Amino acid sequence: MESVTTRPGQPVRKKRNKLLSRISAFFAEFYQINLFILRFFKEAFVPPFEFKEIVRQCYEVGVRSFTLITVTGFIVGVIFTKQSRPSLADFGATSWLPSLVSIAIMRALAPLVTALIASGKVGSSIGAELGSMRVTEQIDAMEVSGTNPFKYLVCTRVIATTIAIPILATYTAVIGLLGGYLNVSENEGTSYTAFVQAFFQPLSFLDFTASLIKSVVFGFTIGIVGCYQGFNAGAGTEGVGKAANGAVVTAMFLVFIEEIVIVQIVGNFR
């Protein structure tokens with residue numbers, strides 16, 4: 001038998017080449033994502049506009065998520081209020097509880113929780129739907145028939161998530177307010193009027209603006225990530241699964257990154 005000899009520097013070169021190939025693949029993917037986003041801005045604001053499809057997607061994203069958002073927002077309001085009371089009670093400051101709840105919900109919890117729920121429900125749905133259409137060659141058939149699949153499938157969904165997520169975030173804040181009030185009223189006997197006044201007292205116009213900006217950015221991110229993963233899905237059912245999973249994981253990761261960046265920027269204006 002012939003012995004296989006390994007040159008001294010061969011393992012190091014293999015590892016280096018593997019690392020370089022991964023870096024190249026990362027930047028190539030990053031380039032494709034930027035082209036995808038630029039194509040969206042190029043085609044989203046050029047007629048014809050698919051208003052009916054946008055309205056339908058807003059219904060799919062918004063109305064069909066109301067039940068899940070309602071339950072989640074209510075639980076967030078109740079649990080946060082319940083967990084915050086002992087700490088404030090130690091200092092005799094339970095009267096500050098409505099203000100603490102309002103700051104937490106409006107500045108962070110409402111848009112962030114809504115975005116995370118939408119990433120799992122809406123992002124995976126968009127990735128799986130477009131991935132299935134790519135695998136079954138429905139997107140290719142649309143191109144052959146003269147329809148612009150990017151405008152009809154991608155632009156409508158991204159616009160719908162960008163519109164619907166801020167509305168859902170506002171709804172989450174209202175439901176969280178209700179959950180916090182029920183908990184405070186049960187333990188402190190605070191009236192609804194007094195709770196609402198204390199809830200809105202520490203909030204400023206900047207808080208509402210920052211929450212709205214967060215929700216718009218999160219909605220756009222969820223839509224563009226889900227569409228990109230589905231529109232570029234691989235062949236077979238495995239590609240559909242990877243597209244749905246990639247849409248959820250990537251959207252959640254980017255939402256957290258955007259949350260950190262926006263908080264830092266808004267903090268400079270306080």
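Every heavy atom of this structure was used, including side-chain atoms; hydrogens, water molecules and symmetry mates were not. Computed from a prediction, not measured in an experiment: that's the story for all the values here.
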As an exercise, state the distance from [atom1] of [X] to [atom2] of [Y], rounded to the nearest 0.5 Å.
X      : Y      : atom1 : atom2 : value
Leu35  : Tyr228 : CG    : OH    : 9.0 Å
Leu254 : Ile224 : CG    : CD1   : 11.5 Å
Leu178 : Phe195 : CG    : CZ    : 9.0 Å
Thr161 : Leu168 : OG1   : CG    : 10.5 Å
Ile79  : Leu109 : CD1   : CG    : 12.0 Å
Arg157 : Arg56  : CZ    : CZ    : 6.0 Å

Is [Y] reachable from [X] through a run of hydrophobic residues whose side-chain heavy atoms are each under 4.5 Å from the next?
X      : Y      : value
Val249 : Ile33  : no
Phe51  : Ile163 : no
Val135 : Tyr152 : no
Met106 : Leu100 : yes
Val61  : Tyr59  : no

What heavy-atom pair brings [X] and [Y] nearest, and what distance separates the two atoms?
X      : Y      : answer
Thr81  : Gly77  : OG1-O, 2.6 Å
Ser65  : Glu60  : OG-O, 4.4 Å
Lys151 : Val46  : NZ-O, 2.7 Å
Gly226 : Ile126 : C-CG2, 3.6 Å
Ile117 : Leu68  : CG2-CD2, 3.4 Å
Ala118 : Ile165 : CB-CD1, 3.5 Å

Got Leu177 and Ile105 here, is their nearest side-chain heavy-atom distance under 4.5 Å?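 Answer no - side chains too far apart.
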
Test item: Thr209 and Phe205 side chains (from C-beta on) under 4.5 Å apart, heavy atoms: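 Touching, per the 4.5 Å side-chain cut-off.
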
Under the criterion side-chain contact (heavy atoms from CB on, under 4.5 Å), I'd like the reasoning laid out for Thr72 against Thr172: C-alpha separation, chi angles, the key distance, then a yes or no. CA-CA 8 Å; Thr72 305; Thr172 302; over 6 Å; no

Begin from the C-alpha positions of Tyr181 and Val101 and carry the test side-chain contact (heavy atoms from CB on, under 4.5 Å) through to its verdict. CA-CA 9 Å; Tyr181 163 70; Val101 172; over 6 Å; no

Could you check whether any side-chain N or O of [X] sits under 3.5 Å from a backbone N or O of [Y], counting only pairs where one atom can act as donor and the other as acceptor?
X      : Y      : answer
Lys42  : Ile37  : no
Ser102 : Ser99  : yes
Ser145 : Met142 : yes
Ser132 : Ala128 : yes

Any side-chain donor near an acceptor of the partner, [X] and [Y], under 3.5 Å:
X      : Y      : value
Arg85  : Asn183 : yes
Glu258 : Thr221 : yes
Thr114 : Tyr171 : no
Gln57  : Glu53  : yes

Could you go through the side-chain contact (heavy atoms from CB on, under 4.5 Å) check for Leu153 and Cys227 one step at a time? CA-CA 8 Å; Leu153 299 176; Cys227 289; over 6 Å; no

Ring centres under 6.0 Å, that's the criterion: do Phe41 and Phe220 meet it?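 Yes, the ring centres sit under 6.0 Å apart.
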
Who else is in the cluster with Val255 when I, L, V, M, F, W and Y are joined by side-chain contacts under 4.5 Å?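 Its cluster partners, ordered by chain and number, are Leu112, Leu116, Phe218, Val248, Met252, Phe256.
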
Please report the C-alpha distance between Lys214 and Val263 in whole Å, then the side-chain angles of each, then the deciding distance to 0.1 Å, and finally whether the side-chain contact (heavy atoms from CB on, under 4.5 Å) criterion is met. CA-CA 9 Å; Lys214 282 184 186 179; Val263 166; 3.7 Å; yes

For atom [atom1] of [X], decide whether the heavy atoms of other residues, nucleotides or ligands shown that lie under 6.0 angstrom number more than 12.
X      : atom1 : result
Lys242 : NZ    : no
Tyr192 : OH    : no
Phe253 : CZ    : no

Tell me, which pairs form a salt bridge (Lys or Arg N to Asp or Glu O under 4.0 Å) where one or both residues lie in residues 92-119, sequence neighbours left out?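 Only Arg107-Asp207 qualify under salt bridge (Lys or Arg N to Asp or Glu O under 4.0 Å).
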
Partners meeting side-chain contact (heavy atoms from CB on, under 4.5 Å) with Phe150 (sequence neighbours left out):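 Phe36, Arg39, Phe40, Glu43, Asn148, Val154, Cys155, Phe231.
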
